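Structure first, commentary second.
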Amino acid sequence: MTEPESSTAGNFVRELVEQDLQTGKHGRIVTRFPPEPNGYLHIGHAKSICLNFGIAQEFHGICHLRFDDTNPTKEEVEYVEAIQADVRWLGFDWADKMFYASDYFERLYQYAVQLITQGKAYVDSLSADEMRTYRGTLTEPGKESPYRNRSVEENLNLFSRMKAGEFPDGTHVLRAKIDMASPNINLRDPAFYRIRHAAHHRTGTQWCCYPTYDYAHPLSDAIEGITHSICTLEFEDHRPLYDWVVEHAGAPCHPRQIEFARLNLTFTVMSKRKLLELVEKGHVSGWDDPRLPTLKGLRRRGYTPEAIRAFCEHIGVAKRDGVVEMALLEHFIREDLNRRAPRVMAVLRPLKVIIDNYPEGQVEELEAVNNPEDPTAGTRTVPFSRILYIEQEDFREVPPPKYFRLTPGREVRLRYAYIVKCVGVVKDERTGEVVEVHCTYDPETRSGGPQAQRKVKSTIHWVSAAQALPADVCLYEALFVKANPGDVPEGQDYTANLNPHSLERLTGCIVEPSLAGASPGNRYQFERQGYFCVDPDSSAGRLVFNRTVPLRDSWAKIEKARQDG
RNA sequence: UGGGGGAUCGUCUAGUGGUAGGACGUCAGACUCUGGAUCUGACUACCUAGGUUCGAAUCCUAGUCCCCCAGCCA
């Protein structure tokens with residue numbers, strides 16, 4: 001019972017946490033998920049959320065939700081609310097532990113005053129450009145600012161006037177006095193406060209100078225008593241600065257920063273900048289476009305929180321950066337939905353079928369299993385009659401090798417109904433396209449009937465014409481044509497790899513009548529096709545489905561192999 | 001040519017001096033009223049070169065390659 005039975009039970013972060021517990025360094029662990037409210041959460045954040053909340057859960061600790069809102073020019077309440085909704089939807093609970101870095105502005109300011117008093121921070125009046133010059137380069141040390149040795153009194157005076165709003169943006173900045181010659185650039189007197197005459201989404205116009213991440217983050221962690229501050233790899237060389245701030249400011253405790261590799265996924269982009277660009281330039285319909293890896297997008301696509309959590313658990317946590325295949329994410333949503341999604345019949349590209357020997361006007365209600373994986377899901381009834389629709393791709397006048405579906409002279413089973421035989425076709429005179437298929441049925445072969453056991457090469461789905469419901473269906477493919485969207489010719493950017501076929505909206509689809517009451521968010525398996533969910537834009541008059549993920553399709557592979565030669 | 005990290009099947013990930021394992025994927029087969037699911041089998045890896053050791057993915061030495069850092073972003 002105490003052994004974690006998961007195949008990916010351990011990771012190095014858990015190990016470190018466990019050690020700190022065993023050595024008695026901490027009695028209870030406290031982690032935090034610290035998003036900046038300047039965008040929507042994506043599946044990369046989900047990895048971090050699962051890690052932070054997961055570790056807290058596992059070791060009976062707690063995980064805080066903290067908004068890292070130190071830059072008023074980029075942050076908005078809209079994001080704050082969306083982020084909370086997304087974390088909750090993913091299945092995590094922060095109880096009453098929701099905080100904002102902006103809650104600590106006053107205390108942060110006092111810590112800064114203290115640093116100035118101790119000669120560990122100073123007000124610099126170099127311009128941003130000058131400061132960059134003074135910083136030096138990767139290989140050359142920086143130079144000390146001429147303002148570096150201002151007196152404590154002058155620094156205190158200037159800093160309080162920065163707070164009072166006496167100076168315009170960019171004229172002064174509070175800097176730590178560390179070491180301009182440090183080989184670690186983060187230690188070359190980093191900026192802690194910058195002047196920004198901008199309204200903050202929570203503190204309004206109360207402040208006109210704001211702390212930077214490097215200053216606010218370690219102290220916010222310490223104020224909250226965070227024991228393990230888990231972040232991504234790019235902050236690894238900020239750790240000495242993190243530790244410097246905590247030590248020199250005299251913070252109440254010293255959280256341990258641990259870095260792990262962020263998630264990358266094939267065939268998509270994860271950076272906030274690129275996601276924002278896709279939305280703003282209209283390459284997608286919005287932050288909840290089902291083609292995006294945002295949590296809002298995945299939710300609309302039909303992904304379940306359970307599948308995303310299982311995915312995050314199985315990809316593991318390590319320090320080497322890599323790219324996880326989209327196929328793995330798809331595996332987890334299939335696995336989840338296979339267990340829980342009710343099956344239903346839907347025809348995406350209809351082809352009319354007439355059963356010549358079936359009595360006109362007759363309708364039979366046939367019993368269909370809702371979910372073969374779940375006996376408790378029960379059964380439903382589907383109407384069968386003389387005129388039906390089948391999938392266009394389930395009929396071929398000239399079948400390729402290994403094609404098992406309907407073809408002239410051949411029999412197939414109509415799922416839950418009868419075995420039918422194709423006896424003729426009607427073609428469009430001008431185009432030669434098959435517009436109607438004529439069949440005969442064998443009354444003995446009805447499911448459960450005397451000849452029901454007769455073997456045929458395949459079973460296809462269908463929908464009875466008279467009772468069919470119309471629907472729109474959005475078929476999604478990867479947003480990019482290349483596993484690595486950044487792989488582009490010289491002079492182009494990742495948008496050159498946008499997949500022109502990432503969305504195909506089908507409007508003439510028909511679905512079985514049991515779907516009449518389907519409401520947004522409901523998920524189904526359209527038999528033999530894939531998992532679909534009802535889009536929020538769907539209405540009783542116009543059902544709209546999104547394809548979450550297609551079923552694995554071995555026939556498609558055979559066809560592809562044949563085409564590739 | 002500074003500093004910080006990292007290299008294990010195609011992909012992700014275990015391993016902490018003692019038979020390199022799992023998952024996805026791929027291929028083949030069985031089964032099937034979903035060409036789904038399920039089941040079987042196969043596939044493929046320790047960055048390189050030395051060294052220590054009875055024994056090295058693991059320890060040592062020297063290389064190679066990849067990622068991150070020069071915001072008053074986070």
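To find a chain, count down the sequence lines: A is the first, B the second, and so on, and within it residues start at 1. Just so it is clear, the structure is predicted and the values come from calculations on it, not from any experiment. Just so you know, these numbers use all the heavy atoms, side chains as well, and skip hydrogens, waters and symmetry mates.
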Would you say the ring centroid of [X] lies under 6.0 angstrom from that of [Y]?
X: A:Tyr303; Y: A:Phe332; answer: no
X: A:His172; Y: A:Phe159; answer: no
X: A:Tyr418; Y: A:Tyr441; answer: yes

With salt bridge (charged side-chain N to carboxylate O under 4.0 Å, His left out) as the criterion, how do A:Lys177 and A:Asp189 come out once you've worked through the C-alpha distance, each side chain's angles and the decisive distance to 0.1 Å?
CA-CA 5 Å; A:Lys177 190 185 282 188; A:Asp189 290 10; over 6 Å; no
Can you measure [X] atom [atom1] to [N] atom [atom2] for me and round it to whole angstrom units?
X: A:Lys74; N: B:C73; atom1: NZ; atom2: P; answer: 7 Å
X: A:Lys455; N: B:A30; atom1: NZ; atom2: P; answer: 15 Å
X: A:Arg413; N: B:G36; atom1: CZ; atom2: P; answer: 18 Å
X: A:Arg262; N: B:C67; atom1: CZ; atom2: P; answer: 15 Å
X: A:Asn184; N: B:C69; atom1: CG; atom2: P; answer: 13 Å
X: A:Arg405; N: B:U34; atom1: CZ; atom2: P; answer: 13 Å
X: A:Arg66; N: B:A74; atom1: CZ; atom2: C1'; answer: 12 Å
X: A:Ile419; N: B:U34; atom1: CD1; atom2: C1'; answer: 16 Å

Stacking between B:A74 and A:Tyr213, yes or no? Criterion: centroid separation under 5.5 angstrom, plane angle under 30 degrees.
no
Nucleotide nearest [X] (side chain, heavy atoms from C-beta), chosen from [options]:
X: A:Leu551; options: B:C72, B:U34, B:G35; result: B:U34
X: A:Asp237; options: B:G25, B:C68, B:C72; result: B:C68
X: A:His238; options: B:A74, B:C72, B:A7; result: B:A74
X: A:Asn11; options: B:G71, B:G35, B:A14; result: B:A14
X: A:Arg415; options: B:A70, B:U34, B:G25; result: B:U34
X: A:Met131; options: B:A70, B:G36, B:C72; result: B:C72
X: A:Lys319; options: B:G6, B:C72, B:A70; result: B:G6
X: A:Phe404; options: B:G5, B:G35, B:G25; result: B:G35
X: A:Pro372; options: B:A14, B:U16, B:G36; result: B:G36
X: A:Lys557; options: B:C69, B:G35, B:U26; result: B:U26

Checking A:Arg32 against A:Asp221 for the salt bridge (charged side-chain N to carboxylate O under 4.0 Å, His left out) test, could you report, in this order, the C-alpha distance in whole Å, the side-chain angles of both residues, the deciding distance, and whether it holds?
CA-CA 8 Å; A:Arg32 104 269 92 115; A:Asp221 281 346; 3.8 Å; yes
Presence of [X] side-chain N/O under 4.0 Å of [N] phosphate oxygens OP1/OP2:
X: A:Arg188; N: B:C69; value: no
X: A:Arg194; N: B:A74; value: yes
X: A:Thr73; N: B:C73; value: no
X: A:Arg273; N: B:A74; value: no
X: A:Arg132; N: B:C72; value: no
X: A:Ser554; N: B:G36; value: yes
X: A:Arg334; N: B:G36; value: no

Check A:Arg188 with A:Asp179, please: is the shortest side-chain N to carboxylate O separation under 4.0 Å?
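So A:Asp179 does not pair with A:Arg188 through a salt bridge.
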Under the side-chain contact (heavy atoms from CB on, under 4.5 Å) test against A:Ile390, which residue among A:Ile460, A:Val347, A:Val420, A:Val412 passes?
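Result: among A:Ile460, A:Val347, A:Val420, A:Val412, A:Ile460 is the only option passing the side-chain contact (heavy atoms from CB on, under 4.5 Å) with A:Ile390.
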Under 3.5 Å, is there a donor on one side chain and an acceptor on the other for A:His461 and A:Arg415?
no
Which part of the nucleic acid does A:Arg552 contact within heavy-atom distance under 4.0 Å: base, sugar-phosphate only, or nothing?
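It contacts sugar-phosphate atoms only.
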Answer with base, sugar-phosphate or nothing: what part of the nucleic acid does A:Glu373 contact at a heavy-atom distance below 4.0 Å?
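Touches a base.
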With a distance cut-off below 6.0 Å to the six-membered ring centre and an angular limit of 45° from the axis, does A:Lys274 pair with A:Tyr494 as a cation-pi contact?
yes
Within 45 degrees of the ring normal and closer than 6.0 Å to the centroid, is that where the cationic atom of A:Arg405 sits relative to A:Phe395?
no
State whether the distance check finds a donor on one side and an acceptor on the other, under 3.5 Å, for side chain [X] versus base [N].
X: A:Asp553; N: B:G35; result: no
X: A:Glu234; N: B:G5; result: no
X: A:Glu325; N: B:G10; result: yes
X: A:Gln525; N: B:U34; result: yes

Given the rule that a pair is Watson-Crick or G-U wobble with both distances under 3.5 Å, how would you write RNA chain B in dot-bracket, using | for pairs to a different strand?
.((((((..((((....[..))))((((((.......))))))...(((((..]....))))))))))).....
Relative to the 5' end of RNA chain B, which residue comes earlier, A:Ser458 or A:Asp68, by the nucleotide with the nearest heavy atom?
A:Ser458
If the glycosidic angle sits within 90 degrees of zero it is syn, else anti. Tell me which applies to B:G6.
anti
